Amino acid sequence: MLFLLLAVIVGVGIIVAVALVATGGDGDPDKKSPNESGGSTGSPTPSFSIPSELPSELPSLPSELPSGLESLIPSLADDEVPFYLLRTGDCFDTNDSLPGQAAKRSCGTPHDAEVVKVAELNGSYTTEAALKKAASALCEAPLERKAAQQPTGTVRGTLVQYPDPGGYEIGIDNVACSLAADIGSGTHKLTKPLA
């Protein structure tokens with residue numbers, strides 16, 4: 001976010017510099033350009049004043065994001081990613097304290113779930129219930145097919161991750177359809193890629 005603000009400030013500075021060069025640039029409104037005559041025979045030419053320096057202090061940025069946006073922005077800590085950045089074949093752990101996040105893991109090490117399919121929502125959904133129903137419908141067949149191919153006792157649940165109405169409204173439309181070892185407080189883990 002800070003980089004974005006700095007980029008905007010630098011961009012404005014470049015525009016100001018170009019404008020100063022194009023208009024003569026010294027900011028002296030009484031100085032006439034070579035093509036202006038000493039008399040006032042035509043219509044008045046508007047002039048404007050542009051500051052010659054950028055501010056020495058940048059405005060302060062908020063130290064925290066507004067609540068509810070944390071799950072939309074990828075975390076730079078460890079290997080946590082928002083569910084909508086997962087891809088088919090990714091293995092991951094879940095964390096009840098970080099809904100919407102997944103900690104990517106190697107499929108050869110113990111992990112909670114593996115993404116079977118990433119689907120895309122289409123349509124108008126304004127409620128959590130409507131999004132859940134649509135996401136579940138997208139995942140049902142691929143999860144059933146993949147679960148049927150697994151050795152008995154390997155997979156004990158499904159996990160369908162989808163955006164909330166606010167996320168869907170801003171364009172997050174991915175649904176992660178995953179098979180899981182255990183859902184909730186279970187201790188069973190997957191230890192290799194799904195068959």
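Worth saying up front: this structure is predicted, and the values here are computed from it rather than measured. For the numbers below, each heavy atom of this structure counts, side chains included, while hydrogens, waters and symmetry mates do not.
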Distance (rounded to the nearest 0.5 Å) between Asp164 CG and Glu169 CD: 10.0 Å

Residues in salt bridge (charged side-chain N to carboxylate O under 4.0 Å, His left out) contact with Lys189, at least two apart in sequence or another chain: Asp93, Asp112

Where at least one partner belongs to residues 122-134, residue pairs that pass side-chain hydrogen bond (donor to acceptor under 3.5 Å, both in side chains), sequence neighbours excluded: Glu128-Tyr162

Distance-minimising heavy-atom pair for Pro165 and Leu131: N-CD1, 3.5 Å

His111 to Arg105 - nearest heavy-atom pair and separation: CB-CB, 4.0 Å

Where at least one partner belongs to residues 139-153, residue pairs that pass side-chain hydrogen bond (donor to acceptor under 3.5 Å, both in side chains), sequence neighbours excluded: none

From CA spacing to verdict: side-chain contact (heavy atoms from CB on, under 4.5 Å), Leu159, Thr94: CA-CA 10 Å; Leu159 181 60; Thr94 61; 3.7 Å; yes

From CA spacing to verdict: side-chain contact (heavy atoms from CB on, under 4.5 Å), Asn174, Arg87: CA-CA 10 Å; Asn174 281 357; Arg87 300 290 170 243; 3.7 Å; yes

Atom pair CZ (Phe92) and OG (Ser178), whose distance is rounded to the nearest 0.5 Å: 3.5 Å

SB check Asp79 Lys104 (cutoff 4.0 Å): no

Pairwise distance CD(Gln101) to CG(Leu85) - rounded to 0.5 angstrom: 9.0 Å

Heavy-atom side-chain proximity of Asp90 to Val81 below 4.5 angstrom: no

ILVMFWY cluster, Val118 and Val160 together (side-chain gap under 4.5 Å): no

Side-chain heavy-atom pair Val175, Cys139 within 4.5 angstrom cut-off: yes

Considering all heavy atoms, the nearest Glu120-Leu138 contact: O-CD1, 3.7 Å

Close side-chain approach of Glu80 to Leu98, heavy-atom, < 4.5 Å: yes

Ile172-Leu121 co-clustered via ILVMFWY side chain contacts under 4.5 Å: no

Any side-chain heavy-atom pair of Glu114 and Leu179 under 4.5 Å: no

Nearest heavy-atom neighbours spanning Pro151 and Thr154: O-OG1, 2.8 Å

From SG (Cys91) to CG (Leu194), nearest 0.5 Å: 6.5 Å

